[in-house]
Novice: 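Below you will find the structure I want to go over with you.
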Amino acid sequence: MAITTQERPQRWDQPFGLFMTDQDVDRLLTIPEISAIEENKFPAHCSLKGILKNDARIVKYSAGDIVIREGDYGNSAFLVLDGSLKVVLFPGLPGEMLGRRTIRKKTLWQAFKQLWTQRKTPEVRDVKSQNQYSLVRATEALGTSHVFLQDVPAILDRNKTASLGKGALFGELAALGRTPRTSTIFAETDTELLEIRWQGLREFRKYDQGWRRLIDQRYRANALNAHLRATSIFSHLNDEDLQEVADATLFETYGKFDWHLTYNKLQTQEKNLGIKDEPIIAQQGDYSDGILLVRTGFARVSIDRGNGQQTLTYLGTGDFYGADEIFRAWQGDSNVGLRVTITALGYAEMLRVPSKIVEKHLFAYWSSGREGFRKRSLQSSVESRRMQDFIDRTLTDGALLEWAVEERFVNGTQAMLINMDRCVRCDDCVRACSAAHDGNPRFIRHGKTFENWMVANACMHCADPVCMIGCPTGAIHRSMSGGMVIINDDTCIGCETCANSCPYSNIRMVSIRDDVGNFITDPQNQKPILKATKCDLCADQISGPACVFACPHDAMRRVDFRETELDENTTGF
Amino acid sequence: MAITTQERPQRWDQPFGLFMTDQDVDRLLTIPEISAIEENKFPAHCSLKGILKNDARIVKYSAGDIVIREGDYGNSAFLVLDGSLKVVLFPGLPGEMLGRRTIRKKTLWQAFKQLWTQRKTPEVRDVKSQNQYSLVRATEALGTSHVFLQDVPAILDRNKTASLGKGALFGELAALGRTPRTSTIFAETDTELLEIRWQGLREFRKYDQGWRRLIDQRYRANALNAHLRATSIFSHLNDEDLQEVADATLFETYGKFDWHLTYNKLQTQEKNLGIKDEPIIAQQGDYSDGILLVRTGFARVSIDRGNGQQTLTYLGTGDFYGADEIFRAWQGDSNVGLRVTITALGYAEMLRVPSKIVEKHLFAYWSSGREGFRKRSLQSSVESRRMQDFIDRTLTDGALLEWAVEERFVNGTQAMLINMDRCVRCDDCVRACSAAHDGNPRFIRHGKTFENWMVANACMHCADPVCMIGCPTGAIHRSMSGGMVIINDDTCIGCETCANSCPYSNIRMVSIRDDVGNFITDPQNQKPILKATKCDLCADQISGPACVFACPHDAMRRVDFRETELDENTTGF
Amino acid sequence: MKIQQGFSLVRIWRYVGLASLLFLVTWQWTIQIDRSLGVSAFASGWVLFGVLAFLSLFSIRKRLPFMPLAPSAIWFMLHTIGGFLALFLFWLHTDALGSKGFYGQVLTVLFYITSISGVIGLFMEKVIPRQLTCSGVEIIYERIPAEIAGIREEVESLILKCTEEIGTSTLAEHYLETLSWYFQKPRFFLNNVFGGHLSQHWVRQQCMILERFLSEKEREYLDKVYMLAEKKRKIDFHYALQSLLKTWLLVHIPMAAAVTAMVIWHLILIMVFFV
Amino acid sequence: MKIQQGFSLVRIWRYVGLASLLFLVTWQWTIQIDRSLGVSAFASGWVLFGVLAFLSLFSIRKRLPFMPLAPSAIWFMLHTIGGFLALFLFWLHTDALGSKGFYGQVLTVLFYITSISGVIGLFMEKVIPRQLTCSGVEIIYERIPAEIAGIREEVESLILKCTEEIGTSTLAEHYLETLSWYFQKPRFFLNNVFGGHLSQHWVRQQCMILERFLSEKEREYLDKVYMLAEKKRKIDFHYALQSLLKTWLLVHIPMAAAVTAMVIWHLILIMVFFV
């Protein structure tokens, strides 16, 4: 089990908790879960005390405060120091209660009414009707806010819950694996928690046997089997065999969890450096030791070409690579080195199912009577040919994908792609967006271009939504239906975390105004109140995304690059 | 009296006479005119013997052979070793007799006839009618040819002549000053001459007092007074005063006599080097010690501008500079350094009339009663203002002239200038030229361009016709009427000297053919016979230059840059 | 999934076919009416009115992007086909009428201006985008003045820096004499509209002229200025062509509105006096 | 001496005035004839014939550059003015005639083709030269194929040298896959005609795509290839626009000849049947 290391020259320049004192650290060292850690296993540059002081913080939650929400992307885990919490097991809490935005499609009449109800002033908010806003309560200490539940007893009545008490650890899998929180946890009583950010968590796991065992066990129990089960090549296995596969599977992480924070800086470097800096998951020509599955993130598939690497395609969650090479080796072919290099795009969590296990549970199955060997063999060679097609592609044919990967647009599921050869720059799309959002356009018809293709600055509703990492109130979240990333304006506290995290600069902070056009300010410090805004795919409009709908020249599409092959203009209209 | 020195790394790589032996040199040293030279005054690298062997050659002429022709540009002088020659004093011999081309304008009918008499085959010559061709007789020794006079007694009857005998030196002024020969000299008897090329001549003059005195005296007697007399500022002087001016005048040569041979090589160097390599005649800011007159060649007038020199204008034969500065100094102004730098463009022969003499004979005259002082003072300031206008010109305004000077197009008196913003590339000009030259176009509608101006590859009929230097038969010569440079096809022996000399590549060698289209070859070696061809300004056509006449868009002009200011398009037609 | 933008030829021709059919039916109808000595202009007139009404709906639909009224792209295609149909119907209608009077002539002229501006606009919308793409830059029209101002500031600060650092004013003088004109605002509008390269030529020429008077260090500054001039050239190109794309509508839409108004009045008059 | 190219406006307007006068006189004449119930077409016809004869003289004069027949530039100006005059006279003549018959219609069509091709040619001759100048290169049309072949050879020897010297085939492969198409012959003809930048865009794009796969040394070769591609682009531009300048005459002159022939036949018929 490998975790790639990385240099951290400014490791603790920005501590997690601003108010952690040495006393706090000393106190933490007396807690059993911490004192069990073998302090001397930690290297000098990364001492246990240092981690506690810089990568952890003590936070307090009042009774009813939500600590983690189902569906959130968190970057930290929690250790209960004092108090007790409840895990909501079944059914999950409704979105409104968690501070999510409620999407209700407009009726025809409501839609039509927008013709005259649209406001002339930008970014007007009806302050009085923001009753949900009262769900948020500010916490002084950290300068951030918590969302709280108003009727805890009713919840305990309606929902199946479990308790977490002193010494319990939770949230570590989502923090390390960059996956959404699987359930909501709230404070039953006033509680004190030690929040450890992923960097610290990673060190604990790296240097301490106890933490590693704990985390890995939980991972295998909670996540691995489910993932393998959902993967097409293992769907035929019974529980027992699957467990065997799971037990043998290695999990590996590549790249930087927070690549998005440094990505824009990287962009100014020479393009080709991008791929050279990417952590290598598997190297072209090497012998394949197993099938690689992507659990989260993206992996670039490339081959050596001249003095650089040519990108062939990329793998996302659920994709796998390597079956073909191992299969051929198993059939007796010699010279079956990997035909491609696989690197992590930003951050990727990979599963590696070793060859031996694959041979036993997959190839044996393929060659068994039930599922004709020939058919599978054929399928394997289809995959092989498909890869060969990629390899045979000219640089020109592959250039657009190369670019989309380089710019990380492959992350988007709804990237706004404009064919500038068709676009007459009429801005009907912008006007339509504006009309559908109370007079405020939610994107800019401008962005990076390649040949005649522009990816405009509109939210791409990413597969790996880095904007959601660290949102303190869960205002930015993935919609339960449809999967788009949306913001609940009511619970957004204007902290700018999401806007700063978005590597594509697609979230804009705006100062809100009242009906008369005056800026609404915070009564405490008179500063204007900010809200994060972005494309919501016209979630509440009956016409669907107004931008695409309004383009008279059919120049715009919302695309997932993974599923898209771009064609030249077919007809003028 | 200064002669600028120059490096000659390959001084004698190509000796003048290919067959000069050491015996020849020894023999020459016994001749009184040579033995009078003080051999020890010559430096080792440039010994008298070396000069005789490499820069001189012994040539033989038969009775009746023309040695030098009136109007020729020669680069050598002759010393009579044996035999006697005749100088034709008055009247000069007719052009035909010298092997010149006879220009007769066509009649209307002859012109019209060209419509159907024009030949389809290129470069056809009617060999039988080339009776003048018999004027040329080949000389084996030098691989070149002489033109001879057929009826010497008749000439001696008709023309006033003078004799030259053993020991006479002639041709030295034209060779050193790059001016046309002033009279024709032919061999009366079989003669033996020592031909000394200008390089050798220059060394003789430099290191030997006797030669210097001889040459300078002749120069002053034959050329200087006439030149000064023709200069406007000295036109008021009587013979005596003029003589005083002439006696005080210094003559100086700058640059390389044969700049045209290295010019095309220079072109590949960085442009700005051009002016930096030019010999400086007078330096901006220096105190002016006299008026500078251009006797032959061209001088560039420039000022320091930024890191380089900005060309303001240029001076040609008859132009002068410096009166204004000296005049102001004479009036008592302090700070009257030269406002400009003057450099030699290729080769320039300058006269310097010292300040003292100018003050005495010019300023005194200006301030005398006869010609109002005020008026002259005014005129001086007009000149001064004109120069200031040049200086105040923006770089953009002056760029075209800068270019024309850089490319030496200022040498042309009939440069073919095409305004490419008007030219529709219809080639009517080329077709017209072809029609006027028996089906053979005599220029290429292509050449160097600047902005919208192109100087096409057509003979410019240069003020300083370097192509004429060294033509062995005088076939290329300046027309007595009109001043254009033309080639007598009959006496052209195809030696390519002119074509190689032309720095603008405007002379083309062609293989001639007979009526049926077969190449005409030399019966001796079966090689095709070549002829030099170029624009003759349609000398024999009644319509004048057919090219300009045929341009439907008035895009083409034959220009002298000295007299031209280029204007933008005025109207579309 | 392969993105195929634009409608298939089959689909387009289907609509063109429908439009042709409508025209043919109307034509036959008018011929029938003429044969039975009726006033065929009523028939062609009503159909034409219907088509014109449909054409003007496009403008209304654009104001309702949030209503489920079929994608704008379909509307645009139908508007185009409908525009040509209206032209043919107009000819049918006016030929049938013979003489027209002053009102009719004004209406005819307005109708032609609308049609021609529409055809020109269509042509431009299909041709210009590709030209813009080829320029290698992309800019929003409204941002152009700010962008040019930004470039100008950058150039001028470069030149100031050059003057200060190297201590010569050659570059600065040339800038004031010639280049500043260029950086002031969008230039070479017409030449850009006609696809000329004058702008590029001019900039290159101006820099070339200056080059020989500069030292090595100054040339580095000149190179930077040249790069900025090139950038501005591309923006000027966008300015010119995007202006075209914006302005033809300023003819088409008011004229179309005028035609609509006059057609309605024409209709009222006909109804009152003839029916 | 200041070179002033082209004729002064005064001079041009003088000729335009003369042409207008000729037209007005003819017009009044035909009106007079009409009033006295004569056949005015004879009058306008003869004048038109005279003008057409004069127009066709231009072609003859071009064949006689050595005759003192006034500079071609004056002929060109008069030919242009005469062309427009002929158009007006044609309208006068045909209006007077009323119906025309098949022969007349063919003649009309040919006359219009000649006129329109002439106007288009005139427009091109006044606009294109400047565009060509701005390209920054100058080339004789007939030399273009040889020049392109030369460039191609240079490119291919560069690529061979790169392959040999550095031992990689990345550049060579890309050349074979995409760039060789470009260097084969003049490309992007239509785009160049319409002043597009597609060619430049394409070349830049192709080189940009490749760049990331090359080593420092290979990039030097690519840069050289790019320079040559740029040079060829300019030559292609010349090819396209110079082709236009050459080819419009291939319509104008044969059509003019046909008109002349038909006019003479028309004249003979009229003389035989009407006089």
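By convention in this document, chain letters (A, B, ...) are assigned in the order of the sequence lines, proteins followed by strands, and residues within each chain are numbered from 1. Computation of the quantities below employed the complete heavy-atom set of this structure, encompassing side-chain atoms and omitting hydrogens, waters and symmetry-equivalent molecules.
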Novice: Would you call A/Arg422 and A/Asp554 a salt bridge, taking side-chain N to carboxylate O under 4.0 Å as the test?
Specialist: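 Answer for the salt bridge query: no.
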
Novice: For this output row, return yes or no: ring centroids of D/Phe90 and D/Phe111 closer than 6.0 angstrom.
Specialist: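 Yes, they do, as the ring centres are separated by less than 6.0 Å.
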
Novice: How would you list, in number order, the residues of residues 221-251 of chain D that have a heavy atom less than 4.5 Å from chain A?
Specialist: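 Heavy-atom contacts from residues 221-251 of chain D to chain A are absent.
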
Novice: Output the option from D/Ile209, D/Thr170, D/Leu171 having the highest count of non-hydrogen pairs under 4.5 Å with chain A.
Specialist: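 Option with the greatest count: D/Ile209.
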
Novice: Test your reading of the model: is there a side-chain donor-acceptor pair from D/Thr178 to the backbone of D/Tyr175, 3.5 Å cut-off?
Specialist: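 Not confirmed, D/Thr178 side chain does not pair with D/Tyr175 backbone.
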
Novice: Report yes or no: does A/Thr311 contribute a side-chain atom to a donor-acceptor pair with the main-chain N or O of A/Thr313 at less than 3.5 Å?
Specialist: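 It does not hold such a pair.
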
Novice: Give a yes or no on whether the backbone of D/Ser215 and the side-chain of D/Glu218 come within a donor-acceptor separation of less than 3.5 Å.
Specialist: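 Such a contact is found between D/Glu218 side chain and D/Ser215 backbone.
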
Novice: Is the shortest distance from a Lys or Arg side-chain nitrogen in A/Arg300 or A/Glu406 to a carboxylate oxygen in the other one below 4.0 Å?
Specialist: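 The answer is yes: the pair qualifies as a salt bridge.
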
